[in-house]
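Being a predicted model, the structure only gives us computed values, none of them experimental. Each chain gets a letter, A, B and so on, in the order the sequences are listed, and its residues count up from 1.
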There are 2 protein chains.
Amino acid sequence: MGQQNALHRRVRPGAVTLKHVAERAGVAPITVSRAINTPSSVSASLRAQIEEAVAELGYVPNRVAGMLASAHSRIVPVIVPSLSNAVFIEVIQGVQTVLEAEGYQLLLGNTQYDLDRETELVSTLLGWSPAGIIVAGLRHAERTEALLRGCNRPVVEVMEAGRPIDMNVGLSHLKAGAMMGRHLIERGYRRIGFVGGRLEADYRAMQRYRGLDRALAEAGLARRPPFEHPDSSSPEVGGRELLAVLRQAPELDALFFANDDLAVGALLCAAREGIAVPKRVAIAGFNGFGIGALTSPALTTIVSPRRDIGEIAARKLLARVAGSPAGPARVDVGCRLAVREST
Amino acid sequence: MGQQNALHRRVRPGAVTLKHVAERAGVAPITVSRAINTPSSVSASLRAQIEEAVAELGYVPNRVAGMLASAHSRIVPVIVPSLSNAVFIEVIQGVQTVLEAEGYQLLLGNTQYDLDRETELVSTLLGWSPAGIIVAGLRHAERTEALLRGCNRPVVEVMEAGRPIDMNVGLSHLKAGAMMGRHLIERGYRRIGFVGGRLEADYRAMQRYRGLDRALAEAGLARRPPFEHPDSSSPEVGGRELLAVLRQAPELDALFFANDDLAVGALLCAAREGIAVPKRVAIAGFNGFGIGALTSPALTTIVSPRRDIGEIAARKLLARVAGSPAGPARVDVGCRLAVREST
DNA sequence: AACAATGATGGTTGCGCTACCATGGTCGGG
DNA sequence: CCCGACCATGGTAGCGCAACCATCATTGTT
């Protein structure tokens, strides 16, 4: 701090600006601006002249200045609770595909499943005058919600279906959990447990548990609290949990894991330990990661259209920015049960 | 375009600015600026007054304006060739951990292994007046290199060790490939093949192949061109490739896969198809993803410190921004052979 | 032929903030 | 008790660009 170094200088030496290009091309700065932003509004001959000057000088437009002048940026922050979880990566990929095609930039925020961190991020990122904002989840701190509500920009809440601040793209995790619960019951399993990690933070996993619980209740079967572990989900943890749960509750004949990372780990661990799946215990996951289809036995899971969520969210956001119809405020992308060998 | 909608208005209605806070607090705007950016330079009483005004008005500083005024932003673009590959995700995570702790924001760029796309991205992202820039790889288009060289900001090239534009954090993929090659030879394998995807694009994988090739040459063993496939790497592709390669070249007794995604897929496929690993064919990977330790047999691989690469890169970049010593321009983080059951 | 409609170009202004310099007040040493 | 050092605060200017409106040339219309 305080220390005056080269990067904090007011004027970056040698910076080429619009003005320089304009002088070189013999036109007014505004014309250069137009040649860059709305080429169709400049005559072909001038445009060629300007493009030449741009190339010669190596001009790179200062987006920051443009943004300040127009109060409109091509930045879209995406706020997710975690990057370790591949689900969010795929959503981000979907968003990015759409954004980059339209010349927008993705600004990444990671809350680590902390609602206060989320407030902080939203506040900071709104300072970038973003075109809109994409946030994972429908539950936020009060202040976060106030910020999002008052920011006067398109806001898309993704991952779960529900009542959004502005727009929403996701699926019902409750339904997904119930769907898996009914499948397991239909298959003849009667003592079904749920294994998840940090359920107080990952409330979408908790919703899946609730769905399972509801299915169990409907069928008049024994309901159990979920098995939790403190670490973030990974195959390693899944394997460890499988052993721990079977030791603790050997009567269980089916386990619904909160996600495929855990479930695949459990499957591999079972193979290694000689635990017969699904004979001794059935194993199910959630997500539909490709690897689940390759294990032996292959994993029964619920496939969610993760990439689609990102793409749809980005498209709705951009539609609103452009003022074109964005379609319904709420999109339920649904999910699909993939029955394989592990149940 | 052309269409005038709410988001393109010059003045965003109801936007609270520094000035409003200053009026409310009864001080000059510059004092509010200082209270926010360098709180220690404002007396405690004024600071409290200002903080109150900020809270009352719900003021969110406009970073864009600040950036323009100071020609210095807290943005760091990270340009990677792919998000599908978990390696880059972990590097990004490492970068983000460090950046967020210092109040910096990560701007994500994805080249899809396309050098022209990279040039475009670098050009665009430099328009954000970033504090510095992190790019995967040492090979760039000429214009990209010119831009990076001339941008007068810290540039960190990550993933591979070599001669950087500015700074470099990575490892030698050639050495890594040779390390695995020597391991396989030492284990008694004599007919060793390499399986990768899109090697013309993923030249780091190609380097690993070259390392293997060198080890084979040193040992006087038969060298073969790599087996390639056109899709991006995934476990599914790895399984398919295992079968295809064994059909095409049944004499092979060991396969070095370009990465763990492929190798794990091959391992799972082998288990399913009853191909004995390592008896019929040994399988090795590269990366050291956790799941490789869980398969049966467990995967022999080379563990690269991916997260460290991101963290070190971000720290070096921030050190340079702050003007403090950033350490050596080149950091070779090395890698480690993890010998497990699959070889 | 006169005029409106359209399109291309330029001048001026200000986005919100911070660098820079100036000012005035407080304090300790001589 | 005065002077210079130092700190807290304020005034001014300008970062680079695009919105807005004005101007001028061109075209089509009656």
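- None of B:Q93, B:E90, B:E311 except one satisfies the side-chain hydrogen bond (donor to acceptor under 3.5 Å, both in side chains) rule with B:R306; the exception is B:E90.
- Remark: B:Y59 is in phosphate contact with C:dC17, judged by side-chain N or O atoms under 4.0 Å from OP1 or OP2.
- Take B:E160 and apply the salt bridge (Lys or Arg N to Asp or Glu O under 4.0 Å) test, not counting sequence neighbours, and it matches B:R204.
- By the side-chain hydrogen bond (donor to acceptor under 3.5 Å, both in side chains) test, A:S82 is found to be paired with no residue, residues two or more places apart in sequence or in another chain being considered.
- Going from atom CG of A:D114 over to atom CG of A:L121 covers 9.5 Å, rounded to the nearest 0.5 Å.
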Pick out the pairs of N or O atoms, protein on one side and nucleotides 8-10 of chain D on the other, that lie under 3.5 Å.
{"residue": "D:dT9", "atom": "OP1", "partner": "B:S43", "partner atom": "OG", "Å": "2.8"}
{"residue": "D:dT9", "atom": "OP2", "partner": "B:S43", "partner atom": "N", "Å": "2.8"}
{"residue": "D:dT9", "atom": "OP2", "partner": "B:S43", "partner atom": "OG", "Å": "3.4"}
{"residue": "D:dG10", "atom": "OP2", "partner": "B:A28", "partner atom": "N", "Å": "3.1"}
{"residue": "D:dG10", "atom": "OP2", "partner": "B:T31", "partner atom": "OG1", "Å": "2.4"}
{"residue": "D:dG10", "atom": "N7", "partner": "B:R34", "partner atom": "NH2", "Å": "2.7"}

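- Direction change of the helix axis from one end of the helix from C:dA1-D:dT30 to C:dG30-D:dC1 to the other is 30°, with five pairs defining each end axis (rounded to 10°).
- The distance from atom CZ of A:R63 to atom P of D:dA18 is 9 Å, rounded to the nearest whole Å.
- Protein atom CG of A:L18 is 19 Å distant from nucleotide atom P of C:dC15, rounded to whole Å.
- The CG atom of B:N62 sits 8 Å away from the C1' atom of C:dC15 (whole-angstrom rounding).
- Between B:E23 atom CD and C:dC17 atom C1' there is a gap of 15 Å when expressed in whole angstrom units.
- Between B:T17 and C:dG16 there is no side-chain polar atom (N or O) within less than 4.0 angstrom of OP1 or OP2.
- Annotation: salt bridge (charged side-chain N to carboxylate O under 4.0 Å, His left out) contacts involving residues 29-45 of chain B, sequence neighbours excluded, are absent.
- For B:A28, the side chain to side chain contact (heavy atoms under 4.5 Å, CB included) test picks out B:I30, B:T31, with sequence neighbours left out.
- Where B:A65 and A:V32 each meet DNA chain D at their nearest nucleotide, the meeting point lying more 5' is that of B:A65.
- Applying the salt bridge (Lys or Arg N to Asp or Glu O under 4.0 Å) criterion to B:R139, with sequence neighbours excluded, gives no partner residue.
- One interatomic measurement links the two molecules: NE2 of B:H20 to P of C:dC17, which rounds to 10 Å at whole-angstrom precision.
- Rounded to an integer number of Å, the gap from A:R47 CZ to C:dG7 P is 15 Å.
- Taking the salt bridge (Lys or Arg N to Asp or Glu O under 4.0 Å) definition, one finds that B:D166 meets it with B:R320, sequence neighbours left out.
- Atoms CH2 (B:W128) and P (D:dC17) sit 13 Å apart, rounded to a whole Å.
- A:E100 pairs by the side-chain hydrogen bond (donor to acceptor under 3.5 Å, both in side chains) definition with A:Q96, B:R117, not counting sequence neighbours.
- Counting to the nearest Å, the P atom of D:dC17 and the CZ atom of A:R74 are 16 Å from each other.
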